[in-house]
Protein chains: 2
Amino acid sequence: MYGYEYPHPAVTVDCAVFGLDDGDLKILLIQRDLEPFAGSWALPGGFVKMDESLDEAARRELEEETGVKKIYVEQFGAFGDPGRDPRERVVTVAYYAIVNLFEHEVKADTDARNAAWFPVDEPPRLAFDHARILEAALARLQDKVRREPVGFEFLPRKFSLTQLQRLYETILCAPLDKRNFRKKILATGVLEETEDFEVDVAHRAARLYRFDQKAYARLRKAGFVFDI
Amino acid sequence: MYGYEYPHPAVTVDCAVFGLDDGDLKILLIQRDLEPFAGSWALPGGFVKMDESLDEAARRELEEETGVKKIYVEQFGAFGDPGRDPRERVVTVAYYAIVNLFEHEVKADTDARNAAWFPVDEPPRLAFDHARILEAALARLQDKVRREPVGFEFLPRKFSLTQLQRLYETILCAPLDKRNFRKKILATGVLEETEDFEVDVAHRAARLYRFDQKAYARLRKAGFVFDI
DNA sequence: CCAAAAGTGTTAGAGATACACCCATGG
DNA sequence: CCATGGGTGTATCTCTAACACTTTTGG
């Protein structure tokens with residue numbers, strides 16, 4: 001069944017890196033300097049090495065191309081239509097990642113390549129089938145954010161409830177009721193109140209909260225399902 | 001960035017084929033006749049050809065190895081740890097499939113290979129990392145079945161509400177209340193009552209229903225989300 | 001004192017859950 | 001007439017949704 005006589009496509013990973021910038025959901029793109037699609041924007045990614053896992057490849061490429069480490073990364077599928085790369089058969093394994101723009105700085109330029117953040121809802125024309133991959137990544141993110149507490153990955157370790165609400169509203173493209181949101185999110189028990197408050201704001205400072213991983217792990221074991 | 005100098009692993013598809021057999025959720029496995037893992041059971045699958053998409057490869061392999069066509073198939077991820085195949089680097093794209101055992105006959109033997117159905121909760125020892133893939137497939141199926149009307153794929157075109165309830169109970173490993181289940185599933189509006197009844201049963205014959213695809217498509221457009 | 005956002009409770013309605021008996025059919 | 005599963009309704013409770021004003025702070 002298996003053997004060296006079988007076809008061997010190239011295998012890449014591509015990452016849809018999301019970040020939240022002042023109430024806008026952004027996607028990180030790099031501008032290609034080589035053909036095909038030279039000059040076009042594309043999702044960061046690259047070839048999987050023979051001795052690394054797919055997850056490792058995704059993290060490595062992300063770090064090489066954007067300088068971010070230790071961020072949330074999750075695989076969401078493989079794309080491999082023949083012809084998606086005009087040169088040869090390339091199967092790509094797609095990941096989405098969440099970057100906290102408050103604490104990580106993302107390199108704007110790497111390897112003589114231009115990198116930039118674009119609003120997810122109006123990205124430039126993308127190379128290969130990356131538009132389709134981005135669409136799938138966004139759908140997956142929206143699904144995930146409602147069913148698991150990954151939204152916190154976008155925010156600084158301490159954040160206000162309003163920041164959190166804005167985040168959900170932005171990602172889900174839907175307004176949420178302030179009182180209901182606060183009740184519901186606090187009722188989950190995964191937020192820990194801190195003694196800190198916003199600083200440098202021209203109005204009453206909001207209390208800051210922190211995601212309580214231990215509490216969440218405990219609740220999960222007890223069958224709790226996060227759901228916003 | 002891309003080029004022929006880059007590594008080219010082998011790429012396969014593997015399918016976790018689920019079927020419902022008299023209240024038991026079963027998984028279709030084939031017994032390998034070649035090394036490595038000769039004699040072990042494995043998920044059906046094989047190499048992706050250079051000119052076919054991943055989905056096409058999955059359907060082709062499924063048909064070649066089990067004789068089933070036109071069944072529900074969905075990709076759920078890629079597995080590519082180095083060493084998962086002892087001979088060379090092989091990245092596999094994993095699919096799960098749902099087979100209706102009432103209307104499809106599944107070949108028990110193909111290509112001199114033995115095929116058989118096993119209960120998902122006590123499969124034999126599997127080749128490669130297929131145990132892990134099966135686990136992921138099952139988790140995905142359980143998720144899917146609750147949020148989209150794919151359960152019907154397991155059943156004949158016309159089925160009783162009790163059959164449907166058993167299906168959910170089996171897949172979700174949880175008992176459901178009969179009256180509440182019937183209320184809820186009928187309230188979705190995706191079931192169409194037929195004029196037919198069960199036959200050859202030693203008790204009152206149950207009315208048969210059919211999944212109404214058109215109604216579901218209409219409801220979906222209107223924002224309805226299936227949820228059991 | 002003004003602007004801006006923080007913070008806070010209640011009510012009505014919808015949906016979920018829990019629960020038990022009679023009916024139809026075939027053997 | 002018995003065994004088997006089919007079919008049905010109601011009461012309670014929980015969760016969701018809708019909704020507006022007062023407080024705090026900085027400028």
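Below, all heavy atoms of this structure are taken into account, side chains as well, without hydrogens, waters or symmetry copies. Labels below follow one simple rule: chain letters A, B, ... track the order of the sequence lines, proteins then strands, and each chain is numbered from 1.
If you take CZ of B:F181 and P of C:dT17, they are 13 Å apart, rounded to a whole angstrom. Here D:dT25 presents its P atom at 9 Å from CZ of A:F197, a figure rounded to the nearest Å. Going from atom CG of B:D177 over to atom P of D:dG9 covers 15 Å, rounded to whole Å. Atom CD in B:E193 sits about 15 Å away from atom P in D:dG6, given to the nearest Å. Residue A:R207 contributes atom CZ, which lies 15 Å from atom C1' of D:dT25 at whole-angstrom precision. Going from atom CG of A:N180 over to atom P of D:dT14 covers 18 Å, rounded to whole Å. The distance between atom CD1 of B:I228 and atom C1' of C:dG15, rounded to the nearest whole Å, is 13 Å. In this structure, the CD atom of A:E198 is 16 Å from the P atom of D:dT24, given to the nearest Å.
A salt bridge does not link B:R59 to B:D55: none of the charged nitrogens lies less than 4.0 Å from a carboxylate oxygen. Salt-bridge check for B:E148 with B:K144: passed, with a basic side-chain N closer than 4.0 Å to an acidic carboxylate O. Look at A:R218 and A:D212 and you find no salt bridge, because none of the NZ, NE, NH1 or NH2 atoms lies under 4.0 Å from a carboxylate O.
Listed in residue order, the members of residues 162-173 of chain A having a heavy atom less than 4.0 Å from DNA chain D come to none.
The listed nucleotides are D:dA17, C:dA6, C:dC23; the one nearest the side chain of B:R204 is C:dC23. Of all nucleotides listed (C:dT8, C:dA6, D:dG7), C:dA6 comes nearest to the side chain of A:H203. The side chain of A:K183 sits closest to C:dG9 out of C:dG9, C:dT8, C:dG27. With D:dT16, C:dA6, D:dG7 as the candidates, the nucleotide lying closest to the side chain of A:K184 is D:dT16.
Side chains of B:N100 and B:Y72: no donor on one and acceptor on the other come within 3.5 Å.
In this structure, A:T188 contributes its side chain and A:I185 its backbone to a donor-acceptor pair below 3.5 Å.
Taken from CZ in A:F154 to CZ in A:F159, the straight-line distance is 13.0 Å, to the nearest 0.5 Å.
Between B:K178 and the phosphate of D:dG7, there is no side-chain N or O to OP1/OP2 separation shorter than 4.0 Å. For the OP1/OP2 pair of D:dG7 and a distance below 4.0 Å, the side-chain nitrogens and oxygens of B:R182 include at least one atom meeting the criterion.
Nearer to the 5' terminus of DNA chain D, by closest-nucleotide assignment, is the contact made by B:A205 (compared with the other of B:A205 and A:R179). Toward the 5' end of DNA chain C, the nearer of the two residues A:A202 and A:S160, judged by each one's closest nucleotide, is A:A202.
For residues 174-210 of chain B, the pairs satisfying ring-ring contact (aromatic ring centres under 6.0 Å, His included) are B:Y168-B:F181, with sequence neighbours left out.
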